[in-house]
Protein chains: 2
Amino acid sequence: MPRSPNSPRPKAGSVTLATVAQRAGVSPQTVSNALNSPELLRPETLERVRRTIDELGYRPHRAAQTLRTRSSKLIGYGIRPTAPGTSAPVMDRFLHALSQTADEAGYRILLFASPPGSAGLDGYEELLDLHSVDGFVLSGTERGDQRQAWLEKRGVPFVGFGRMWSGRQIGDWVDVDGASGTDAAVEHLVALGHRRIAFLGWPRGSGVGDDRAMGWQRAMQRHGLPVRGKRAQSIDDIASAQAAVGPLLDAGVTAVIAASDMLALGCYHALRERRAVPGKDVAVVGFDDSPTAALLSPGLSTVAQPLEAVGRECVRLLLARMSELGAPPERVLLEPSLVVRNSTSASDD
Amino acid sequence: MPRSPNSPRPKAGSVTLATVAQRAGVSPQTVSNALNSPELLRPETLERVRRTIDELGYRPHRAAQTLRTRSSKLIGYGIRPTAPGTSAPVMDRFLHALSQTADEAGYRILLFASPPGSAGLDGYEELLDLHSVDGFVLSGTERGDQRQAWLEKRGVPFVGFGRMWSGRQIGDWVDVDGASGTDAAVEHLVALGHRRIAFLGWPRGSGVGDDRAMGWQRAMQRHGLPVRGKRAQSIDDIASAQAAVGPLLDAGVTAVIAASDMLALGCYHALRERRAVPGKDVAVVGFDDSPTAALLSPGLSTVAQPLEAVGRECVRLLLARMSELGAPPERVLLEPSLVVRNSTSASDD
DNA sequence: CAACGGTTTTGGAACGCTCCAATGAACTCG
DNA sequence: CGAGTTCATTGGAGCGTTCCAAAACCGTTG
């Protein structure tokens, strides 16, 4: 990078390998080698070519490289219209990490918005052929997701954010250990002296939700605490969560662990309705650490997913897969962390 | 698309123009024409070629097209690490709309995460040369932003989400009329009978913030209401907003319009601190319609930006600019809309 | 000094597409 | 019925890069 920022650069875009070659008095191939296999060149030639490249501000033309090497250095990422269990802001952080890490490895993220209605497969096909992305990152994987199988059949490298919840495990994935998160929440509450700890979850059948429920259950059992009649379910919506958790509160639980911040918020409402104060009368724990969680009063204790790490891992696994298609699949389960706020440690805010 | 989903497709990726040409008994050029200038072909030839394309599942190779036509059909989008005044979830919706609209026009969005620290310009250069994006969408434009001038100098088509707040206006942009939003908020409050309406803004100097303040001010003046001593400022943080708005509340204002939902939330806290209820004792209006706004109790009335429309407009302007570089710049100012919730119409939730 | 391994450099072709100019076919008209 | 005109199709070149195999160079060695 030793070029003064304002040195007049021969109009970018028109500098090709040939230009550099001519100027440096070598063949185009040698210039190519200088970039791709520098060890082939005699040190002094390399130095000279490099200087020329720098002087002219040469940049290889990606399309030409892609055409020749059949590798686009592009990673496709399908943004979905906010799947359940994955709040938008959450995905935003993930996307950032993804892009950043990919960048560092010389890859770029090509966005791909699946139209709201479609199952989405047809679109992937097009994306694949058209732009010949080198690999895919899937997110918002759900039970019965067909994308993994589809991609595998075509031999396209991919990594899922989210494990496969049913059927045969296909390909690599990175996921967050939801059970471990709710387990930790139980531990936290038990340490505070709670014993009647309820779980407010989504209707059974969603992989993510069942996993989170399981963590609660196993931790409760480990402590010899009852789970019977301590579980309610609701769709991810405040009003219905509020209604669903009511009976549990009335039955006298002292703490509620919710499968999402949204559900936890329903719980806040149910408590207020009963003139009870979250964190003081009843402890509440959410899941996701959505921006809202910090803004509530009292602040909502919640389980935070390590999204940056997930993004990094996705890229890492994808790169590995691309470099060695036949390797055994790798699956990474990351630990979430409990963020403690006032909803589980009563003070006055 | 009249192909049964499971018909054996000759392994994709290896089908080229030449393959199709041979199969259809025409020259490669004719196949190319069938796709790009169908009006040149005799209807029956066109039909035959099209059928063959379909049978073979042919897709043009983007890199080859790019190499030849010098147009990548790629739009660069620099995601920034959440600039002030633009909350992450908000940008998420925008990104969706952007991608969707671009898609429909045959373009794709290439993500580009500027590393947190950097001013970011160097990165753009690389992105531009390397992947030869056809155009750029800038977001999170700020006072003194250098990107517009930089891009203009290089003759790269671009559109900003966010007007230029200082200096010479450069290029096209799309923005939301913040002043109009706060103006509407005043109207709404006046209609409810409020007269002592305060504004809680950011420190002066940010274009976005000053614009929002201005809308409040002009509407107040139009109604002959005093603005003196009715304004406070704070950085975008709950605690400091809470502190900043205190004196206004103590001075007896009946309504507060905040420059962001975050500030509005600080206002909620300040009210609670005084044992007052938002929406009942004092009306509060936020800005952004962040997901949190709907989740609060009482629900926060707030000014919502038409992000989907902004995304669409960005693509539209960018396409126009790309097709005619010399055209006079177009600037679009979109109207936000006031979302009324219980913070301005006291009921019990 | 011719022959030889090894290193360094090169020429030519190819990737898949579209541009351009030219050819062939069909049709009009003097 | 040949020349002119239009319409439909084609051949060849070239976009910028990398692959491949062959060539040039070099210092050793028999």
Side-chain angles (χ1 to χ4, degrees), chain A residues 10-50 52-53 56-74 106 128-134, chain B residues 10-50 52-53 56-74 106 128-134:
Chain A
K11 58 173 184 171
S14 59
V15 189
T16 78
L17 265 191
T19 324
V20 178
Q22 194 175 13
R23 191 90 181 293
V26 293
S27 78
Q29 179 58 41
T30 301
V31 181
S32 173
N33 286 338
L35 291 161
N36 302 317
S37 325
E39 73 281 4
L40 288 182
L41 299 203
R42 211 178 39 198
E44 54 198 82
T45 316
L46 179 58
E47 175 52 24
R48 182 159 41 99
V49 173
R50 278 193 170 149
T52 315
I53 287 177
L56 297 178
Y58 164 76
R59 313 266 182 151
H61 193 292
R62 265 259 47 121
Q65 292 180 309
T66 302
L67 181 57
R68 186 69 253 228
T69 63
R70 333 244 73 193
S71 156
S72 62
K73 294 281 189 179
L74 248 35
L128 201 63
D129 294 347
L130 229 66
H131 282 271
S132 21
V133 285
D134 292 340
Chain B
K11 58 171 187 173
S14 59
V15 189
T16 78
L17 265 192
T19 326
V20 178
Q22 193 175 12
R23 190 91 181 289
V26 293
S27 77
Q29 179 58 44
T30 301
V31 181
S32 172
N33 286 338
L35 291 161
N36 303 317
S37 325
E39 73 282 2
L40 288 182
L41 298 204
R42 214 176 37 198
E44 54 199 80
T45 317
L46 180 57
E47 175 53 24
R48 182 158 42 97
V49 173
R50 279 193 171 148
T52 314
I53 287 178
L56 298 178
Y58 166 76
R59 309 270 181 152
H61 193 292
R62 256 306 15 195
Q65 291 180 308
T66 301
L67 182 56
R68 185 71 253 228
T69 63
R70 332 246 70 194
S71 155
S72 62
K73 294 282 188 179
L74 248 35
L128 203 61
D129 294 348
L130 229 65
H131 283 270
S132 21
V133 286
D134 292 340

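Letters A, B, ... are given to chains in the order of the sequence lines, protein chains preceding strands, and every chain is numbered from 1.
Ranking D:dG14, D:dG16, D:dT9 by closeness to the B:Thr45 side chain, first place goes to D:dT9. Counting only heavy atoms from C-beta on, A:Ala64 has its side chain closest to D:dG16 among C:dT18, D:dT18, D:dG16. Here D:dC15 is the nucleotide among D:dT18, C:dC15, D:dC15 with the atom lying nearest to any side-chain atom of B:Arg70.
Terminal axes of the helix from C:dC1-D:dG30 to C:dG30-D:dC1 (five pairs each, C1' rotation axis) are separated by 80°, to the nearest 10°.
Rounding to whole angstrom units, CG of residue A:Leu35 and P of D:dT17 are separated by 9 Å. Here D:dG16 presents its C1' atom at 7 Å from OH of A:Tyr58, a figure rounded to the nearest Å. Residue B:Asn33 contributes atom CG, which lies 10 Å from atom C1' of D:dT10 at whole-angstrom precision. As rounded to whole Å, 15 Å separates atom C1' of D:dG16 from atom CG of A:Leu56. Remark: C1' of C:dA26 and CD of B:Glu44 are 13 Å apart, rounded to the nearest angstrom. In this entry the distance linking CZ of B:Arg68 with C1' of D:dC15 reads 5 Å, nearest Å. Distance, B:His61 NE2 to C:dA14 C1': 13 Å, rounded to whole Å. Protein atom CD of B:Glu47 is 16 Å distant from nucleotide atom P of D:dA8, rounded to whole Å.
With B:Thr69 contributing its side chain and B:Gln65 its backbone, the two residues share a donor-acceptor pair below 3.5 Å. With hydrogens and angles disregarded, no donor-acceptor distance shorter than 3.5 Å links the side chain of B:Ser37 to the backbone of B:Glu39. In this structure, the side chain of A:Thr66 engages the main chain of A:Arg62 through a donor-acceptor pair within 3.5 Å.
The side chain to side chain donor-acceptor pair (under 3.5 Å) search around A:Thr52 returns none, not counting sequence neighbours. Partners of B:Gln22 under the side chain to side chain donor-acceptor pair (under 3.5 Å) rule, at least two apart in sequence or in another chain, do not exist in this structure. With sequence neighbours excluded, the residues forming a side chain to side chain donor-acceptor pair (under 3.5 Å) with A:Ser71 are A:Asp134, listed by chain and number.
Counting all heavy atoms, side chain and backbone alike, B:Tyr58 lies closest to B:Thr16 at CE1-C, 3.5 Å. Between A:Asn36 and A:Pro38, the shortest heavy-atom distance links the atoms C-CD, 3.4 Å. Of all the heavy atoms in A:Pro28 and A:Ala21, the pair that sits closest is N-CB, 3.5 Å.
Within residues 36-43 of chain A, the residues that place at least one heavy atom under 4.0 Å from DNA chain C are, in residue-number order, A:Leu40, A:Leu41, A:Arg42. Looking at residues 23-31 of chain A, you'll see A:Val26, A:Ser27, A:Gln29, A:Thr30 sit with a heavy atom under 4.0 Å from some atom of DNA chain C.
Interatomic distance, A:Leu35 CG to A:Arg50 CZ, rounded to the nearest 0.5 Å: 8.0 Å. Atom OG of residue B:Ser72 and atom CG of residue B:Leu67 lie 12.0 Å apart, to the nearest 0.5 angstrom.
Phosphate contact (OP1/OP2 of D:dT18, side-chain N/O of A:Thr69, threshold under 4.0 Å): absent.
No side-chain heavy atom of A:Val15 sits less than 4.5 Å from a side-chain heavy atom of A:Arg59.
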